[in-house]
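Beneath this line is the structure, given in structure tokens, with notes to follow.
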There are 2 protein chains.
Amino acid sequence: MEQRIDRIKKQLHSKSYKLTPQREVTVRVLLEHEDDHLSAEDVYMLVKEKYPEIGLATVYRTLELLTELKVVDKINFGDGVSRYDLRQEGAAHFHHHLVCIECGSVDEIQEDLLEDVEKIVESRFNFEIKDHRLTFHGICYRCKDKSE
Amino acid sequence: MEQRIDRIKKQLHSKSYKLTPQREVTVRVLLEHEDDHLSAEDVYMLVKEKYPEIGLATVYRTLELLTELKVVDKINFGDGVSRYDLRQEGAAHFHHHLVCIECGSVDEIQEDLLEDVEKIVESRFNFEIKDHRLTFHGICYRCKDKSE
DNA sequence: TTGTCTGCAAATATTTTGCACGACT
DNA sequence: AGTCGTGCAAAATATTTGCAGACAA
């Protein structure tokens, strides 16, 4: 935890940004909820518990900053809100998501799985892939078990 | 064109909805801009040219209806707006997108390409896939040619 | 002191909703 | 008459921006 914060601090410094208390609390909240997919409002409320004076705009600005640094990815599952998802350190590619249309749960897939597909796309469409977003919508294992 | 409108009309009727003039104009606009990825506001302005009395709310309600019928898919490329993309008639799966981070263009890939990946996901995660969203971000062939 | 960062409030942007009226059956 | 659909205006939601003051180098 401390080490990851330290590395993020260095990333900020390398672009002449500071790890202010507000930013640090925000990063801690994200690390503590690594498996969730928090909206800006979610993050704001969790940060408020530890640092009540913070403003919503600061949270937005921090999340934007972290997105720029590729510490988090801004994702969108089709409800009206942006969500912020910590990138795995050192992961070459952004992970995928399984969204359950029954219960709304969101699970993550860390495996890449797209290597072959990307090769085809790059050669067939002469498109140089820098990043990807892949989401499957369907029924999760929990809901499948429930309905049996 | 007329045949596609006719089929959409039948789809509406099968759920007790009517193809009102406003809805028909909206569908025509979507068909005429099949390759684009129009926002609700875009659609509104194009519909207004043919039917100036229409209200923005009606366009939103129509797009929602068409989404429910799976005539269009509501997509989101990470800018703040939802875009509406006509589904290929009879296509088993939603098509994929190539978003250029240089020029902002959005191209479509009609090939599925995900069959193998989906098999793995279904068995490994016991997740029943109903739909998917796949977007690649990178440099399109136009921008690559330009910079050479 | 200089520039960065923050909180607050106001502004903006997008989408949704309430409601009275109109069209069609 | 009854239902569905519409336009308008207002509301709701999500996000961004302006600005004056706080803070650290």
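Only this structure's heavy atoms are used, side chains among them; waters, hydrogens and symmetry mates stay out. By convention in this document, chain letters (A, B, ...) are assigned in the order of the sequence lines, proteins followed by strands, and residues within each chain are numbered from 1.
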Can you tell me which nucleotide in C:dG18, C:dG7, D:dC4 comes closest to the side chain of B:K18? D:dC4
Quickly work out the B:E64 CD to D:dC4 P distance and round it to whole Å. 16 Å
D:dT6 OP1/OP2 closer than 4.0 Å to side-chain N/O of B:T20: yes
Output the rounded distance in Å from CD (B:E53) to C1' (D:dG5). 15 Å
If the plane angle is over 60° it's perpendicular, under 30° parallel, otherwise tilted; pick one for A:H132 and B:F136. perpendicular
Would you say a side-chain N or O of A:T58 is under 4.0 Å from OP1 or OP2 of C:dG7? yes
Whole Å only: how far is the OH atom of A:Y44 from the C1' atom of C:dT6? 13 Å
Expressed as a whole number of angstroms, how long is the span from A:I75:CD1 to D:dA14:P? 16 Å
Tell me what B:S82 touches on the nucleic acid: a base, only sugar-phosphate, or nothing, going by heavy atoms under 4.0 Å. sugar-phosphate
Backbone of B:S39 reached by a side-chain donor or acceptor of B:D42 within 3.5 Å: yes
Relative to the ring of B:F77, is the ring of B:H37 parallel (under 30°), tilted (30 to 60°) or perpendicular (over 60°)? perpendicular
Residue whose closest nucleotide on DNA chain D lies nearer the 5' end, B:L56 versus A:K74: B:L56
Rounded to whole angstroms, how far apart are CD on B:Q22 and P on C:dG22? 14 Å
Below 4.0 angstrom from OP1 or OP2 of C:dT15, is there any side-chain N or O of B:Y60? yes
Could you tell me whether A:E41 contacts a base, only the sugar-phosphate backbone, or nothing, with contacts defined as non-hydrogen atoms closer than 4.0 Å? nothing
Short N-O contact, A:E24 and A:R28, less than 4.0 angstrom: yes
Rounded to whole Å, the CZ-C1' distance (B:R83 to C:dA13) equals 13 Å
Closest to the B:R61 side chain: C:dG18, D:dT15, C:dC8? C:dG18
What does B:R23 touch in the nucleic acid at a heavy-atom separation under 4.0 angstrom: a base, only the sugar-phosphate, or nothing? sugar-phosphate
Rounded off to whole Å, could you give me the CG-to-P distance for the B:N76 and D:dT13 pair? 19 Å
Starting from the 5' end of DNA chain C, give me the residue, A:I54 or B:G80, whose nearest nucleotide shows up first. A:I54
Between A:R124 and B:E111, does any NZ, NE, NH1 or NH2 come within less than 4.0 Å of an OD or OE carboxylate oxygen? yes
CG of B:L63 versus C1' of D:dT6: gap in Å, rounded? 15 Å
